[in-house]
Colleague: 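The structure under discussion is supplied below as structure tokens; questions concerning it will follow.
These numbers come from the heavy atoms of this one structure, side chains and all, not from hydrogens, waters or symmetry mates. Whatever order the structure lists ligands and atoms in, that order sets their numbers, starting from 1.
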Amino acid sequence: ALADPLKVMIAGAPASGKGTQCELIKTKFGLVHISAGDLLRAEIAAGSENGKQAKEFMEKGQLVPDEIVVNMVKERLLQPDAQENGWLLDGYPRSYSQAMALENLEIRPDIVILLEVPDELLVERVVGRRLDPVTGKIYHLKYSPPENEEIASRLTQRFDDTEEKVKLRLETYYQNLQSLLSTYEDLIVKVKGDAKVDDVFSEVSNLLSSSLEKKTQSVASA
Ligand code: AP5
């Protein structure tokens with residue numbers, strides 16, 4: 001039998017590099033990237049009732065209530081593409097109740113990557129972040145500048161990417177970190193996220209490769 005596909009969670013403070021690493025992981029491992037923040041921003045863009053409500057919390061740097069987030073992520077996770085190719089959950093779960101919602105469905109990752117970046121670097125990363133609405137690519141004015149003028153001229157900024165708001169988001173992050181650590185104690189691997197993007201990725205990539213290898217071996221010996 002084939003091993004079931006890899007299931008990965010990625011966690012870390014705001015602007016710790018989750019989205020950036022997910023793009024690279026997706027390309028190399030073919031996992032389906034499910035970002036709770038991206039799903040919420042899509043609801044906002046669509047003008048849905050959930051999106052309107054979610055935006056009020058996101059503007060305050062607070063967690064969006066479970067009534068909105070839990071089903072939204074669960075439905076995406078249970079889609080056939082994620083079940084067949086494996087998944088990469090980005091920014092979810094962020095609280096004890098979200099983690100328990102997954103545990104109750106017997107949805108467990110193989111590994112949880114926790115990106116660690118010193119607080120003082122996060123503000124600079126947030127205020128310099130830009131997004132390409134055409135390709136979805138994440139840029140940074142200083143660390144990952146756009147390739148050309150055409151791209152540079154169309155870059156946008158997220159509404160919650162201000163110095164004031166990232167401080168609130170960081171507070172929320174620290175309030176909830178412990179519930180994540182305790183739920184996935186045996187699966188968490190901490191990765192230093194303040195190195196160059198490619199160096200962070202080579203560490204992440206090695207971890208995922210050995211996790212995948214372990215799964216394949218356990219199937220082969222069963
Ligand atoms: P979400 O969208 O998840 O935001 P976040 O957690 O604050 O994380 P970010 O997306 O800001 O950062 P990132 O870690 O992906 O960093 P990136 O790779 O872009 O959540 C937003 C809001 O939605 C929350 O505040 C909450 O309200 C709500 N929400 C989301 N999930 C929820 C949940 N589960 N429950 C309830 N509410 C929820 O990198 C950042 C910048 O740094 C970029 O410019 C990048 O180019 C640069 N960079 C990346 N890596 C490096 C590097 N190694 N060196 C130098 N620069 C780098």
Colleague: When you compare the side chain of Leu187 with that of Met9, does any pair of heavy atoms fall below 4.5 Å?
Modeller: no
Colleague: Could you pull out every protein residue that has a heavy atom closer than 4.0 Å to ligand 1, ordered by chain and then number?
Modeller: Ala13, Pro14, Ala15, Ser16, Gly17, Lys18, Gly19, Thr20, Ala36, Gly37, Leu40, Arg41, Met58, Gln62, Leu63, Val64, Val69, Gly91, Tyr92, Arg94, Gln98, Arg125, Arg129, Ile138, Tyr139, His140, Tyr143, Ser144, Arg158, Asp160, Arg169, Gly193, Ala195, Lys196, Val197
Colleague: Name the one of Arg154, Gln157, Arg158, Lys137 that satisfies side chain to side chain contact (heavy atoms under 4.5 Å, CB included) with Arg130?
Modeller: Gln157
Colleague: Arg94 side chain to Ala36 main-chain N or O, any donor-acceptor pair under 3.5 Å?
Modeller: no
Colleague: Within a strict 4.5 Å, meaning less than it, do heavy atoms of the Pro5 and Asn85 side chains meet?
Modeller: no
Colleague: Determine which pairs satisfy ring-ring contact (aromatic ring centres under 6.0 Å, His included) with at least one residue from residues 126-165, sequence neighbours left out, and list them in order.
Modeller: His140-Tyr143
Colleague: State, yes or no, whether a side-chain contact exists between Leu122 and Lys167 at a heavy-atom distance under 4.5 Å.
Modeller: no
